[in-house]
Asker: 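Pasting in a structure now, in structure tokens, and then I'll have a few things to ask.
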Amino acid sequence: MSDALLDAALAARAQAFAPFSKFRVGAALEDADGRIHTGCNVENATYGLTVCAERVAVLKAISEGARKFRRIAVAADTDVLTPPCGACRQILWEFCGDVEIVLVNPRGKTESYRLKELFPRPFDASFI
Ligand code: THU
């Protein structure tokens, strides 16, 4: 089945700036109005300042005024599909809630999760 969100994540992956790891990731976040916000990983010579594709997509969307989200697709070239890292799970929880996460690779393999499955006991503003 063709899905514009998965296609957008795969296309965003082509823009990855990953000269250090060579591990290219793309993300595409669908907001409540159906708009798609894309991101790719952007690495840094310090390594630690690298930003993952998912966080780039979320921060771009927030900076464009989007506040409610339906799904995020994450694309990487692995056979065991690549899930969001812990830092991205935290950011996704705070900005997108229990969003659907669709993992995809260039050969069309996909898997779907809710964020709560991957991040079951989140810390957030409700504790503060
Ligand atoms: N990376 C992402 O962009 N998203 C993920 O879900 C996993 C990891 C990036 C960070 C770094 O540029 C490279 O992949 C290797 O860790």
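Note that the structure is a prediction, hence the values are computed from the model and not measured. Atoms within a ligand are numbered from 1 in the order they appear, just like the ligands themselves.
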Asker: List the closest protein heavy-atom neighbour of atom 15 (C) of ligand 1: residue, atom name, distance to the nearest 0.1 Å.
Answerer: S21 OG, 3.7 Å
Asker: Identify the closest protein heavy atom to atom 16 (O) of ligand 1: which residue and atom is it, and at what distance?
Answerer: F23 CD2, 4.7 Å
Asker: Quick one: hydrophobic cluster around Y47, which other residues, with the 4.5 Å side-chain cut-off, linked directly or via members?
Answerer: F20
Asker: Any non-hydrogen side-chain atom of L92 less than 4.5 Å from a side-chain atom of F69?
Answerer: no
Asker: If you round to the nearest 0.5 Å, how far is SG of C96 from CD1 of I62?
Answerer: 7.0 Å
Asker: Considering both backbone and side-chain atoms of P83, is one of its nitrogen or oxygen atoms within less than 3.5 Å of a nitrogen or oxygen in ligand 1?
Answerer: yes
Asker: Counting only heavy atoms on the protein side, is anything nearer than 4.0 Å to atom 6 (O) of ligand 1?
Answerer: yes
Asker: Which of the atoms in ligand 1, numbered in the order shown and given with their element, are less than 4.0 Å from a heavy-atom of E54?
Answerer: 2 (C), 3 (O), 4 (N), 5 (C), 6 (O)
Asker: I need the nearest protein heavy-atom contact for atom 3 (O) of ligand 1: residue, atom name and distance, please.
Answerer: A53 N, 2.9 Å
Asker: N41 heavy atoms, cut-off 4.0 Å: which ligand 1 atoms fall inside?
Answerer: 3 (O), 9 (C), 11 (C), 12 (O), 13 (C), 14 (O)
Asker: May I ask whether V51 and I72 are part of the same hydrophobic cluster, defined by side-chain heavy atoms of I, L, V, M, F, W, Y residues being less than 4.5 angstrom apart, directly or through others?
Answerer: no
Asker: Could you tell me which non-hydrogen atom of L6 sits nearest to which non-hydrogen atom of T110, and how far apart they are?
Answerer: CD1-CG2, 3.7 Å
Asker: So I128 and F123, do their side chains get closer than 4.5 Å, heavy atoms only?
Answerer: yes
Asker: According to salt bridge (Lys or Arg N to Asp or Glu O under 4.0 Å), does anything in residues 102-111 pair up with another residue at least two apart or in another chain? List the pairs.
Answerer: D77-R107, D79-R107
Asker: Would you say ligand 1 has an N or O under 3.5 Å from any N or O of E43?
Answerer: yes
Asker: Check ligand 1 against C52 and write out every atom of the ligand that is under 4.0 Å from a heavy-atom position of the residue.
Answerer: 1 (N), 2 (C), 3 (O), 4 (N), 10 (C)
Asker: Run the contact test for P84 against ligand 1 with a 4.0 Å cut-off on heavy atoms, strictly below, and give the result.
Answerer: yes
